[in-house]
Engineer: 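The structure's right below; bear with me while I get my questions together.
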Number of protein chains: 2
Amino acid sequence: MSEDPPPLPEFDLYGFTPYRLAVAAKRTSEELARQYRARFGISIPEWRVLVHLAHSGKVSVRDIEARVAMEKYEVSRAAKRLREAGLIESRENPEDRRLVLLTLTPAGRAMMADLLPMARAHQKALEERLGTAFRQLEAGLEELLKHTK
Amino acid sequence: MSEDPPPLPEFDLYGFTPYRLAVAAKRTSEELARQYRARFGISIPEWRVLVHLAHSGKVSVRDIEARVAMEKYEVSRAAKRLREAGLIESRENPEDRRLVLLTLTPAGRAMMADLLPMARAHQKALEERLGTAFRQLEAGLEELLKHTK
DNA sequence: AAGCATTCGTTGCAACTGCAACAAAAATGC
DNA sequence: GCATTTTTGTTGCAGTTGCAACGAATGCTT
């Protein structure tokens, strides 16, 4: 006669906020990411770097790291891939030669001119699909992002 | 004389919901994941498989895939690592020999008995830290998860 | 019952990731 | 001015991921 093992504490993964956030992030990101991966062959880390460059002109790896929730090695490698793809250029900053100045090439700018409207449309579609819940989500996220890190 | 390039459309990454969700997911997951990685050496995919097993007894790769937002190869490889670590066992289902029955070993159960309370505490801390915003966040997530996929 | 299609799970491969170590440049301290 | 520390960015390594292809088992069609 064998013992039944003692029961484990109840735990509901579907009610676990980090899990829910991960699923939500994955679904919303991938809808768009599939599109731009198919059309332009870029990944999410690359997309983040590109967006930051489109917005801010010349920036260093450090600037991006600080503002785009990426580690510096991620930025460094995303930049390398983008450079190889001819979408960005880098040269060194003459005032501080540790820094790298990243800028979009004309090809990169052209791509972003297509991509950014797609992203805006995606955002808009999300907002409309969720209605009131969108504003609740954003209010919650706002607090969460403020309180963590 | 060189032309100024035409300006790119405005786009604010920090207001982009998929980005915000990704950051939120990363931060909330990692607080806990750091703990259990340090104490037990397991990763997030492994954690998800374990939680599902703790909850559901015997399951196949397919069951987990369907319910835990993972691809089947992720489940398969997570299961392989867990098997090597002695935390789960697998044998074949005699009724359908394509299926694999995964179950926790006693060591796996013991680990989950420690881990699940940690996860509950983490969830509780999050709820308290966010207050009202937590309920808004959850309401928003609920809709989002319903509408996507 | 035989052939074809589908489901289930695994794996080879190439790309990507996370960590820690590193070199180069600049800032700081003495 | 020289040595030490800090900042910036890159890279080697080992482990992980995503995709597509695959074999085995079952279901389906005729």
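Proteins come first, then strands; the chains are lettered A, B, ... in the order of their sequence lines, and each starts at number 1.
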Engineer: Regarding B:Gln123 and B:Glu127, do their side chains bring together a donor and an acceptor under 3.5 Å, going by distance alone?
Structural biologist: yes
Engineer: Closest nucleotide of DNA chain C for A:Glu95 versus for A:Glu71: which of these residues is on the 5' side?
Structural biologist: A:Glu71
Engineer: Could you tell me whether a side-chain N or O of A:Arg20 sits under 3.5 Å from a main-chain N or O of B:Leu141, the two making a donor and an acceptor?
Structural biologist: no
Engineer: When the nearest nucleotide of DNA chain D is assigned to A:Arg37 and to A:Ser60 on a heavy-atom basis, which residue is associated with the more 5' position?
Structural biologist: A:Ser60
Engineer: Assess whether a salt bridge exists between A:Arg97 and A:Glu92, defined as any Lys/Arg side-chain N lying under 4.0 Å from an Asp/Glu carboxylate O.
Structural biologist: yes
Engineer: What is the separation between atom CG on B:Leu102 and atom P on C:dC8, rounded to the nearest whole Å?
Structural biologist: 14 Å
Engineer: Taking CG from A:Leu82 and P from D:dT10, how many angstroms apart are they, rounded to a whole number?
Structural biologist: 12 Å
Engineer: Starting at atom NZ of B:Lys26, determine the distance to atom P of C:dT17, rounded to an integer number of angstrom.
Structural biologist: 11 Å
Engineer: So which pairs with a foot in residues 40-50 of chain B pass side-chain hydrogen bond (donor to acceptor under 3.5 Å, both in side chains), sequence neighbours left out?
Structural biologist: B:Ser43-B:Glu46, B:Glu46-B:Arg81
Engineer: A:Val68 versus A:Val51: any side-chain heavy-atom pair under 4.5 Å?
Structural biologist: no
Engineer: On DNA chain D, nearest-nucleotide positions of A:Ser90 versus B:Pro94: which is more 5'?
Structural biologist: A:Ser90
Engineer: Starting at NZ of B:Lys80 and ending at P of C:dG9, how long is that distance when rounded to a whole Å?
Structural biologist: 16 Å
Engineer: When you get a sec, tell me which of C:dT11, C:dA25, D:dA25 is the closest nucleotide to the side chain of B:Ser76?
Structural biologist: C:dT11
Engineer: Could you check if a side-chain atom of A:Glu65 sits within less than 4.5 angstrom of a side-chain atom of A:Lys72, using non-hydrogen atoms only?
Structural biologist: yes
Engineer: Answer yes when A:Lys146 and A:Glu143 have at least one side-chain N-carboxylate O distance shorter than 4.0 Å, and no when they do not.
Structural biologist: yes
Engineer: Can you measure A:Met70 atom CE to D:dG9 atom P for me and round it to whole angstrom units?
Structural biologist: 13 Å
Engineer: Rounding to a whole Å, what distance do you find between A:Lys72:NZ and C:dT17:C1'?
Structural biologist: 16 Å
Engineer: Round to a whole Å and report the spacing from CD1 of A:Ile42 to C1' of C:dA15.
Structural biologist: 16 Å
Engineer: Provide, to the nearest angstrom, the distance between the CZ atom belonging to A:Arg83 and the C1' atom belonging to D:dT11.
Structural biologist: 13 Å
Engineer: Please list, pair by pair, any protein nitrogen or oxygen found under 3.5 Å from a nitrogen or oxygen in nucleotides 14-17 of chain D.
Structural biologist:
unit_1	atom_1	unit_2	atom_2	d
D:dT17	OP2	B:Arg81	NH2	3.3

Engineer: Among D:dT6, D:dT26, D:dT10, which nucleotide sits nearest the side chain of A:Arg98?
Structural biologist: D:dT6
